[in-house]
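Read the structure below first, then the notes.
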Amino acid sequence: MAYWLFKTEPDVFSIDDLKNRPKQVEHWDGVRNYQARNFMRDEIKLGDLVLIYHSNAKPLGVAGVAEVVKEAYPDHTQFDKSSQYYDPKSTEEKPRWYMVDVKFVEKFKNFISLENLKSHKELNDLIILRKGNRLSITPVEKKHFNYIKKIGRKSV
DNA sequence: GCCAACGTTGGC
DNA sequence: GCCAACGTTGGC
């Protein structure tokens with residue numbers, strides 16, 4: 001059982017969008033970075049928990065938690081010419097990109113802004129807080145996950 | 001295999 | 001809108 005952080009731009013897809021999906025499940029398509037792809041394909045397992053992080057937005061930060069309900073399978077958008085995620089170099093026989101399915105678990109009562117995250121020295125080595133980090137999927141340590149969950153559930 | 005040029009991400 | 005920090009591409 002492992003923990004992860006997925007970035008998403010809430011203008012495109014937010015925690016509320018996930019919550020409002022049928023069965024509250026959605027496939028996490030559009031990842032076009034090899035490191036992130038490798039995490040999904042090789043390491044992200046059924047039942048893993050995911051922090052949903054809203055990037056490029058206001059507010060900016062961790063919005064809630066989701067759970068992995070389906071392990072890696074080919075991302076269909078890579079074969080779709082009309083998709084912005086279309087990849088002409090990928091084939092059905094040898095797909096280049098993968099995705100997982102996640103299910104809504106909870107939306108934090110207390111949205112945790114990036115500023116808030118940074119103010120906790122316990123979270124100093126969280127990957128997302130490293131300067132210049134652009135990876136859209138990153139592993140999160142159990143202690144960090146639990147700490148963040150605690151802040152998120154605290155009422156303000 | 002190197003690396004310059006270019007494109008993208010994402011906080012500010 | 002700016003720009004630092006990356007990742008990718010493609011010529012050599």
Side-chain angles (χ1 to χ4, degrees), chain A residues 2-21 26-44 48-66 68 71-102 104-141 143-145 147-152 154 156:
Chain A
Y3 303 90
W4 306 92
L5 182 145
F6 287 9
K7 284 184 198 168
T8 179
E9 301 197 13
D11 292 346
V12 180
F13 188 75
S14 72
I15 188 122
D16 291 319
D17 294 327
L18 181 60
K19 189 180 179 181
N20 293 328
R21 278 300 134 105
E26 183 61 292
H27 43 264
W28 206 262
D29 62 19
V31 172
R32 294 294 181 270
N33 169 284
Y34 287 104
Q35 244 186 302
R37 191 274 317 262
N38 292 346
F39 281 138
M40 283 201 297
R41 192 191 56 191
D42 307 332
E43 297 188 43
I44 298 182
D48 282 1
L49 292 176
V50 176
L51 295 170
I52 302 296
Y53 178 89
H54 286 176
S55 67
N56 250 321
K58 282 182 179 175
L60 183 65
V62 180
V65 179
V68 176
E71 292 181 6
Y73 60 109
D75 178 341
H76 55 85
T77 62
Q78 69 195 306
F79 308 122
D80 177 4
K81 281 193 177 133
S82 68
S83 168
Q84 60 165 316
Y85 299 122
Y86 175 66
D87 184 347
K89 292 180 185 163
S90 185
T91 63
E92 307 250 4
E93 295 74 35
K94 285 193 78 177
R96 186 182 277 195
W97 305 111
Y98 288 81
M99 61 188 179
V100 299
D101 285 358
V102 296
F104 176 82
V105 173
E106 70 175 295
K107 182 178 174 179
F108 286 145
K109 202 184 317 179
N110 182 31
F111 180 90
I112 312 169
S113 67
L114 180 60
E115 199 182 16
N116 189 356
L117 285 174
K118 283 180 179 167
S119 73
H120 295 268
K121 65 176 189 310
E122 290 86 348
L123 301 174
N124 272 351
D125 43 353
L126 196 66
I127 295 175
I128 192 83
L129 297 181
R130 286 185 200 155
K131 192 177 179 186
N133 169 64
R134 290 172 23 189
L135 200 52
S136 63
I137 291 181
T138 51
V140 173
E141 289 178 47
K143 62 176 182 187
H144 289 151
F145 181 88
Y147 189 86
I148 290 169
K149 198 169 66 177
K150 207 171 68 188
I151 307 173
K154 206 182 337 183
V156 269

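In what follows, chains carry the letters A, B, and so on, assigned in the order in which the sequence lines appear, proteins first and then strands, with residues in each chain numbered from 1.
The outermost nucleotides of DNA chain B lying under 4.0 Å from heavy atoms of chain A, listed 5' to 3', are B/dG7 to B/dC12.
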**Message:** The test is side-chain contact (heavy atoms from CB on, under 4.5 Å); show your working for A/Leu135 and A/Ile127 and say whether it passes.
**Reply:** CA-CA 9 Å; A/Leu135 200 52; A/Ile127 295 175; 5.8 Å; no
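Under the side chain to side chain contact (heavy atoms under 4.5 Å, CB included) criterion, A/Lys143 pairs with A/Glu141, sequence neighbours left out. A/Asn33 is linked by a side chain to side chain donor-acceptor pair (under 3.5 Å) to nothing, counting only residues two or more places apart in sequence or in another chain. In this structure A/Ser14 satisfies the side chain to side chain donor-acceptor pair (under 3.5 Å) test together with A/Asp17, sequence neighbours excluded. For A/Tyr147, the side chain to side chain donor-acceptor pair (under 3.5 Å) test picks out A/His120, A/Glu122, with sequence neighbours left out.
Counting heavy atoms from C-beta on, the side chains of A/Ile44 and A/Trp28 never come closer than 4.5 Å. The side-chain heavy atoms of A/His76 and A/Met99, taken from C-beta on, include a pair separated by under 4.5 Å.
A/Lys58 comes within 4.0 angstrom of nothing in the nucleic acid, heavy atoms only.
Pairing analysis of DNA chain C (Watson-Crick: purine N1 to pyrimidine N3 plus N6-O4 or O6-N4; G-U wobble: N1-O2 and O6-N3; both under 3.5 Å) yields stems of 3 or more pairs at B:1-12 with C:1-12.
When ring centroids are compared, A/Trp97 and A/Tyr73 stay outside the 6.0 Å threshold.
Where A/Gly132 and A/Arg96 meet DNA chain C, the nucleotide closest to each residue was compared, and A/Gly132 sits on the side nearer the 5' end. A residue-by-residue look at A/Lys89 and A/Leu135 shows that A/Leu135 has its nearest nucleotide of DNA chain C further toward the 5' end.
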